[in-house]
J.: 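Provided herewith is a single structure, encoded as structure tokens, for subsequent inquiry.
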Amino acid sequence: MPESRSSMAPDTSHRARIIDGRATAARVRAEVARQVAVLAGRHGVTPGLAVILVGADPASKIYVRNKGKQTREAGMRSFETLLPASVAQAELLDNIARLNADTAVHGILVQLPLPRQIDELAIIDALAPHKDVDGFSMINTGLLAARSSGMVPCTPLGCLLLLKEYVGALSGQRALVVGRSNLVGKPMMQLLLREHCTVTVAHSRTRDLAEECRRADILIAAIGKPGLIKGDWIRPGATVIDVGINRISVPSPDGPREKLAGDVDFDTAVHVAGAITPVPGGVGPMTIACLLKNTVIAACAQNHIDPGSLSG
Ligand code: NDP
């Protein structure tokens, strides 16, 4: 009887191509900066991105600071609204209404998660759909599903750009998305369908996740469980996009230290996959780059400019 795959030793002489999200994100940002310069020079429009941060979560603060820095580096205007964790829903809604009406603001992002007293869905749906650069509102979710248009959520869009660069033609490929969240899994499924992939979506009730993974030419992991997907679950030569960002504790000579880990067990997967994103340095940098890209698209739409006319 042939040896079962799970007991087979990985071929350590094989190493997957590493998908360099930092390099792709830098190229996306450079293109955004070029388009921003054309928008300003030719049309007198400077795209503006407003971020609302509620509370003082250290990770969110760093993320918001990075967004502001990259927004300014691309030549856009950056606006920040910082509100206390105790903020009332009505006050948050007032801030959104102010930004919705501000013509210098083309994109608005509310940093998630929000404190418990706030109805997150009501806040997201209060964003003017044409300024919802995260693409999470009901209108944009519906547009992506039914019309293949509207604002596309940044993380799945970043994954798609990486796939297009590293795989090329996606039509007919068998794709598995592990995770069905509104923020990542479901929009990822829609984008892959739009590219004519045959898409399966797995989640915590999926019966045999390993077997589902083994069928996939393209495997997207958006779970939030460090190292859940093992190398021997992966189809040899498959392209693996690891969205997961998990903080884990690892031993070091100076005591335990924190590091970031993805949802895929990189050390075993790298010997089976054809191409794989590292964590960090894979999907993460693409998210902010796509946010800037969406802000340019929003600024164009609000000024009746064809984004295609900004191409080099
Ligand atoms: P959610 O917690 O909202 O969704 C997780 C999904 O994984 C759910 O659909 C859940 O299934 C599924 N799941 C959980 N456990 C299992 C399991 N054992 N087997 C199969 N499926 C499982 O997370 P998000 O979608 O928001 O984020 C996913 C990961 O991506 C996180 O690590 C997050 O930090 C990261 N992330 C990274 C970003 C980036 O910029 N790189 C941006 C956004 C997120 P069910 O629906 O049944 O509960």
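Counting starts at 1 for both ligands and their atoms, following the listed order. The analysis underlying the following values was restricted to heavy atoms, covering all of them including side chains, and did not include hydrogens, waters or symmetry mates. In this chain, numbering begins with 1 at the start of the sequence shown. None of these values were measured; they are calculated from a predicted model.
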J.: Can you name the atoms of ligand 1, numbered from 1 with element, that are less than 4.0 Å from a heavy atom of K225?
T.: 14 (C), 15 (N)
J.: Would you say the side-chain atoms of D57 and S60 include a donor-acceptor pair closer than 3.5 Å?
T.: yes
J.: Quick test of your reading of the structure: of I223, L260, V178, L183, whose heavy atom lies closest to atom 23 (O) of ligand 1?
T.: I223
J.: Check whether the side chains of Q111 and K67 place a donor and an acceptor atom closer than 3.5 Å, and report yes or no.
T.: yes
J.: Would you mind listing which atoms of ligand 1 come within a distance below 4.0 Å of any non-hydrogen atom of L209?
T.: 19 (N), 20 (C)
J.: Find all atoms of ligand 1 within a distance of less than 4.0 Å from any non-hydrogen atom belonging to G179, and give their numbers and elements.
T.: 6 (C), 7 (O), 9 (O)
J.: When you compare the side chain of P307 with that of V296, does any pair of heavy atoms fall below 4.5 Å?
T.: no
J.: For ligand 1, is any non-hydrogen atom under 4.0 Å from V243's backbone (N, CA, C, O), its side chain (CB onward), both, or neither?
T.: both
J.: Check each atom of ligand 1 against the heavy atoms of G284 and keep those under 4.0 Å away; list them by number with element.
T.: 41 (N)
J.: Evaluate the side-chain proximity of R257 to V250: yes if any heavy-atom separation is below 4.5 Å, no if none is.
T.: yes
J.: Is a side-chain donor-acceptor pair under 3.5 Å present for E165 with T24?
T.: yes
J.: Do K69 and E73 sit within salt-bridge range, that is, some charged N less than 4.0 Å from a carboxylate O?
T.: yes
J.: Considering distance alone, does some N or O of S181 sit under 3.5 Å from an N or O of ligand 1?
T.: yes
J.: Heavy atom under 4.0 Å from ligand 1: found in M286's side chain, backbone, both, or neither?
T.: neither
J.: Measuring from atom 10 (C) of ligand 1, which candidate in S204, G262, P280, C154 has the nearest non-hydrogen atom?
T.: S204
J.: Flag the pair N294 / L157 as yes when at least one side-chain heavy-atom distance between them is below 4.5 Å, and no otherwise.
T.: yes
J.: Distance alone, cut at 3.5 Å: any donor-acceptor contact between the side chains of S13 and D11?
T.: yes
J.: Under 4.0 angstrom from ligand 1, any heavy atom of G185?
T.: no
J.: Could you check whether E195 pairs with K164 (Lys NZ or Arg NE/NH1/NH2 to Asp/Glu carboxylate O, under 4.0 Å)?
T.: yes
J.: What are the atoms of ligand 1, with element, lying closer than 4.0 Å to any heavy atom of N246?
T.: 32 (O)
J.: Heavy-atom distance to atom 18 (N) of ligand 1: which of L228, T155, T287, V201 wins?
T.: L228
J.: Any N/O of I245 closer than 3.5 Å to an N/O of ligand 1?
T.: yes
J.: Short list, please: which atoms of ligand 1 are under 4.0 Å from a heavy atom of V283?
T.: 41 (N)
J.: Under 3.5 Å, side chain of D217 to main-chain N/O of Q173, donor-acceptor pair present?
T.: no
J.: Which option, V184, L291, T277, owns the non-hydrogen atom nearest atom 43 (C) of ligand 1?
T.: V184
J.: Please check if the number of heavy atoms outside I297 that lie under 6.0 Å from its CD1 is greater than 12.
T.: yes
J.: Using side-chain heavy atoms (C-beta onward) and a distance below 4.5 Å, is D134 in contact with M151?
T.: no
J.: May I ask you to check whether R205 has an N/O atom sitting below 3.5 Å from an N/O atom of ligand 1?
T.: no
J.: Tell me the protein heavy atom at minimum distance from atom 21 (N) of ligand 1, and give that distance in Å.
T.: H203 C, 3.1 Å
J.: Please report which non-hydrogen protein atom sits nearest to atom 31 (C) of ligand 1, along with the residue it belongs to and the distance in Å to one decimal place.
T.: G224 CA, 3.7 Å
J.: So, is R180 polar-close to ligand 1, with some N/O to N/O distance under 3.5 Å?
T.: yes
